[in-house]
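Before any comments, here is the structure.
In this text the structure is predicted, and so the values were computed from the model without any measurement.
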Amino acid sequence: MTPFTQNVVSIITSIPEGRVMTYGQIAAHAGSPRAARQVVRILHSMSRKERLPWHRVVNAKGEIAIPDEHSRLIQETELISEGVEFKLDGTIDLEIFGYQPEPE
DNA sequence: GCCATGGCTAGTA
DNA sequence: GCCATGGCTAGTA
C-alpha cells in the first residue's frame with residue numbers, strides 16, 4: 001500500500017459515526033487535493049478488506065454518489081441509523097454532518 | 001484504462 | 001453538460 005493510499009484508508013477509518021466526508025476532502029487531507037477519483041478507486045477495492053465505513057463518504061454536494069440502487073439503499077439506511085438526516089432534496093447538510101479531521 | 005469527482009460553463013427563467 | 005484530473009489491491013461495498 002502506498003503512503004497516499006494509507007493516508008486515505010486511515011482518514012476514512014477515522015470518520016466518526018453519524019458524520020460524513022466528501023471524496024475531495026479525503027483526497028485533500030491525504031495530501032493530494034485533486035485525487036478525489038482515486039479515493040473512489042480505493043473505496044472500491046479496499047472497503048471490504050480494510051473494513052472501511054464506506055457509507056460515510058458522499059460527494060461535494062452532500063449526495064449519495066453510488067450508481068448501484070441496492071448499494072445506495074444500504075448507504076442511506078446506515079447513515080439514517082447513525083443519526084444523519086437527509087433533506088427533502090435527498091442531500092445531507094455538510095455544515096451539520098460533515099467531519100473535519102485535525103489538519104496536519 | 002479505470003473511476004461512487006468537482007468545478008466551471010452554457011443556456012434558460 | 002463538459003472535461004481535466006491522478007494514483008493504481010483491476011472479485012464492487
Side-chain angles (χ1 to χ4, degrees):
Chain A
M1 208 160 41
T2 67
F4 176 78
T5 302
Q6 276 176 350
N7 285 338
V8 169
V9 167
S10 100
I11 290 163
I12 295 172
T13 305
S14 78
I15 307 173
E17 249 186 60
R19 310 295 291 280
V20 297
M21 283 185 80
T22 72
Y23 302 92
Q25 281 174 347
I26 293 166
H29 273 279
S32 189
R34 279 163 291 174
R37 307 204 70 149
Q38 184 57 20
V39 173
V40 168
R41 296 223 104 208
I42 292 166
L43 248 9
H44 256 277
S45 50
M46 303 180 70
S47 280
R48 274 199 177 170
K49 282 185 176 173
E50 301 290 333
R51 314 215 119 159
L52 302 179
W54 58 269
H55 60 280
R56 307 211 263 249
V57 186
V58 297
N59 70 19
K61 298 177 223 159
E63 301 167 328
I64 287 179
I66 302 180
D68 177 64
E69 258 330 295
H70 180 62
S71 299
R72 55 188 304 136
L73 188 61
I74 293 173
Q75 179 167 15
E76 186 182 6
T77 307
E78 286 285 308
L79 289 175
I80 289 172
S81 77
E82 294 184 359
V84 175
E85 293 168 19
F86 286 81
K87 295 191 273 188
L88 289 174
D89 63 3
T91 67
I92 294 165
D93 191 338
L94 297 177
E95 294 292 318
I96 301 173
F97 299 105
Y99 173 63
Q100 273 88 17
E102 298 303 317
E104 286 292 315

Partners passing side-chain contact (heavy atoms from CB on, under 4.5 Å) against A:Thr5 (at least two apart in sequence or in another chain): A:Met1, A:Thr2, A:Val9, A:Ile42, A:Met46
Pairwise side-chain contact, A:Ile12 with A:Trp54, heavy-atom cut-off 4.5 Å (strictly under): no
Derivation and outcome, side chain to side chain donor-acceptor pair (under 3.5 Å), residues A:Gln100 and A:His29: CA-CA 9 Å; A:Gln100 273 88 17; A:His29 273 279; over 6 Å; no
Validation row: A:Val20, A:Leu79 side chains within 4.5 angstrom (heavy atoms): yes
Annotated protein contacts, base or backbone, on nucleotides 2-7 of chain C with a non-hydrogen cut-off under 4.0 Å, one of B, S, - each: --BBBB
Pairs where residues 19-28 of chain A contributes a residue and the test side-chain hydrogen bond (donor to acceptor under 3.5 Å, both in side chains) is met, not counting sequence neighbours: none
Per-nucleotide pairing state of DNA chain C [Watson-Crick or G-U, under 3.5 Å; [ ] pseudoknot-crossing; | other strand]: ||||.|||.....
Sequence neighbours excluded, every pair satisfying side-chain hydrogen bond (donor to acceptor under 3.5 Å, both in side chains) that has a member inside residues 60-71 of chain A: A:Asn59-A:Glu63, A:Asp68-A:Ser71
Sugar-phosphate, base or nothing in reach of A:Lys49, heavy atoms under 4.0 Å: base
P spacing across the pair C:dT12 / B:dC3, given as an integer number of angstrom: 12 Å
Length of the line joining A:Trp54:CH2 and C:dT9:P, which is rounded to integer Å: 21 Å
Cluster link A:Leu73 to A:Leu43, ILVMFWY, side chain under 4.5 Å: no
Sub-4.0 Å heavy-atom contacts from residues 70-87 of chain A onto DNA chain B, ordered by number: none
Note: A:Arg56-A:Glu78 ion pair, threshold 4.0 Å (strictly below): no
Side chain to side chain, A:Val57 and A:Met21, heavy atoms closer than 4.5 Å: no
No-hydrogen, no-angle side-chain donor-acceptor test under 3.5 Å, A:His55 and A:Glu82: yes
